[in-house]
Amino acid sequence: MSDNNVLRIAGLEVAPGQRASTLLHVTRTLRGDLAVPVHVINGARPGKVFAVLCNVHGDEAMPLLSALQLWRETDPAAMRGALVILPVCNPLAFSDFRRESAEQRENTDLHRCFPGNARGSVTEMIARVLTDQVLDHVDALCDMHSGGQGGRIHQRADLNEDATGEVREASLQLCRVFGTGVVHVNFLPPSTAVGYLNSTGRPAAGVEIGGTYMSGPMTEEFQARVVRGLRNQMKALGILEGEPELQGKQHLFTRRERKEANPTRGGYVISLANRVEDLGRRVKKGEKLGVVVDPYTLEESESLNAPCDGILFFSRMSGPAEAGAKGYAIADSAGVQEL
């Protein structure tokens, strides 16, 4: 933020109390010009600059609904600092409804391409532009993800396991105040947006919440939780006034405590834990979470049971699933800590 409080980011100059939008040009492809949308709200008073990233994975679209609501409802007059929203970070993957870009080369997962390469894959070019024009100009960020086309539903915040000192504490605060109920200390190297920000001395959080093609009530509930969580983070950063509104206790666990129940045979999964209320609830070891039905023999081929006592933090909707697909994940109670 400069002395006159004009925010300069993504090629924009946004005066205090104003909004602005732009398209960040990346390159010319065979489909035409590739650009990434950026939306900025600059508060009436100086403060921290907070970025919200959506659709780093192109099939994880639900959080952009919350970003849209946040964009519409946030009053710059009530802000100290700025909000930067990137609703579609990877337009290539988003337009194909794919997790990664459909390129005929390596490095197609934007989630593993930061800070990017101006002469690399198109996905690396996107990462380079986002880094140069946005990430290098913010004080903190939240990288939003959700369940994608595989049918999963999530609810957790991710803390970079390599973060240390003040950066770790500030990042942990962003994770905790989002209010997912669980914070997963996870593998987020500098090739991720969160890891990159941490490596340059700034706090960041990853959030996995909701899913794709859910019912209307489920979508609305997860959308409300994301909006509340992002506002909580803005409050923690001093951008909005007030205290974060947390719905219940928050817990911390590491990759050691992450236990999964995944199908070893392809088939149709009939999920027994597919409600909003199932995410974050306690499960018992051996509890049946889903069953796999062979679509050819019409017989039950596998039972998907909780491998331990703990907190269910990702589940799945009923539908076809290949052998080895993700099914259910539990934070083992033996190692979970209350925050």
Side-chain angles (χ1 to χ4, degrees), residues 24 26 34-38 51-68 85-103 105-116 120-131 134-135 141-160 175 178 180 184 186-197 204-214 219 222-223 225-226 229-230 260 262 279 313-317 319 321-322 324-327 329:
L24 280 178
V26 177
L34 174 64
V36 178
V38 181
V52 177
L53 277 56
C54 302
N55 277 285
V56 167
H57 287 142
D59 63 337
E60 299 177 3
M62 193 219 77
L64 76 81
L65 295 176
S66 302
L68 171 64
I85 296 174
L86 287 78
V88 182
C89 286
N90 189 344
L92 290 178
F94 181 72
S95 63
D96 288 337
F97 194 54
R98 294 169 53 106
R99 180 179 176 86
E100 302 179 16
S101 308
E103 295 187 68
R105 61 168 296 173
E106 70 282 354
N107 299 329
T108 60
D109 184 356
L110 183 58
H111 189 51
R112 288 290 187 268
C113 282
F114 291 96
S121 69
V122 177
T123 311
E124 289 176 302
M125 293 181 195
I126 294 172
R128 186 72 257 173
V129 169
L130 294 183
T131 300
V134 179
L135 300 194
L141 71 73
C142 184
D143 184 12
M144 295 295 314
H145 294 257
S146 70
Q149 62 178 326
R152 287 182 290 162
I153 51 175
H154 294 256
Q155 185 163 288
R156 76 173 192 265
D158 279 354
L159 174 68
N160 175 15
C175 291
F178 195 95
T180 59
H184 186 1
N186 208 349
F187 178 61
L188 294 172
S191 57
T192 65
V194 170
Y196 174 74
L197 234 70
V207 173
E208 298 259 7
I209 188 167
T212 302
Y213 291 148
M214 302 178 299
T219 299
F222 279 122
Q223 180 178 341
R225 293 183 185 191
V226 173
L230 292 172
E260 299 185 3
N262 302 322
L279 292 177
F313 66 88
F314 85 62
S315 184
R316 68 176 304 119
M317 309 298 287
E322 186 55 275
K326 294 292 187 180

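In what follows, residues are counted from 1 in the order of the sequence shown.
The two residues Val194 and Gly206 come nearest to each other via the heavy atoms CG2-N, 3.7 Å. Annotation for Glu60 and Thr212: closest pair CA-OG1, 4.4 Å, computed over non-hydrogen atoms. Closest non-hydrogen pair, Val122 versus Glu103, comes out as N-OE1, 2.8 Å. Nearest heavy-atom pair, Gly327 versus Asn262, reported as atom, atom and distance to 0.1 Å: N-OD1, 2.8 Å. Nearest heavy atoms, Ser66 versus Phe222: OG-O, 4.5 Å. Across every non-hydrogen atom of Ile126 and Cys89, the tightest pair is CG2-O, 3.3 Å.
In this structure Glu124 satisfies the salt bridge (Lys or Arg N to Asp or Glu O under 4.0 Å) test with no other residue, sequence neighbours excluded.
By the 4.5 Å heavy-atom criterion applied to side chains, Arg112 and Thr192 are counted as neighbours. Two residues are said to be in side-chain contact when any heavy atoms from C-beta on lie closer than 4.5 Å; Arg128 and Pro115 meet this criterion. Using a 4.5 Å heavy-atom threshold, the side chains of Asn107 and Thr123 count as separate. Taking the side chain as every heavy atom from C-beta outward, Leu68 and Pro87 never approach each other to under 4.5 Å. Between Arg225 and Thr180 the shortest side-chain heavy-atom distance does not fall below 4.5 Å. Side-chain contact between Pro91 and Leu34: present, with at least one pair of heavy atoms (C-beta onward) separated by less than 4.5 Å.
Side-chain polar atoms of Asn90 and Ser101 form a donor-acceptor pair below 3.5 angstrom. Looking at Asp143 and His145, their side chains do bring a donor and an acceptor atom within 3.5 Å of each other.
To the nearest 0.5 Å, atoms CG (Asp96) and CG (Asp59) are separated by 11.0 Å. Distance CE/Met125 to CG/Leu130: 13.5 Å, rounded to 0.5 Å. Distance check: His154 NE2 to Leu279 CG gives 9.0 Å after rounding to the nearest 0.5 Å. Taken from NE2 in His111 to OG in Ser191, the straight-line distance is 8.0 Å, to the nearest 0.5 Å.
The backbone N or O of Glu100 lies less than 3.5 Å from no partner atom in the side chain of Thr108, so there is not a single donor-acceptor pair. Not a single donor-acceptor pair under 3.5 Å links the side chain of Asn55 to the backbone N or O of Phe94.
Among the candidates Lys326, Gln155, His184, the single residue satisfying the side-chain contact (heavy atoms from CB on, under 4.5 Å) test with Phe314 is Lys326.
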Q) Could you go step by step and tell me if Met144 and Ile209 meet the side-chain contact (heavy atoms from CB on, under 4.5 Å) rule? A) CA-CA 8 Å; Met144 295 295 314; Ile209 188 167; 3.8 Å; yes

**Q.** Candidate pair Arg152 and Glu208, rule side-chain contact (heavy atoms from CB on, under 4.5 Å), full reasoning
**A.** CA-CA 11 Å; Arg152 287 182 290 162; Glu208 298 259 7; over 6 Å; no

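Heavy atoms from other residues, nucleotides or ligands lying under 6.0 Å from OH of Tyr213 number 12 at most.
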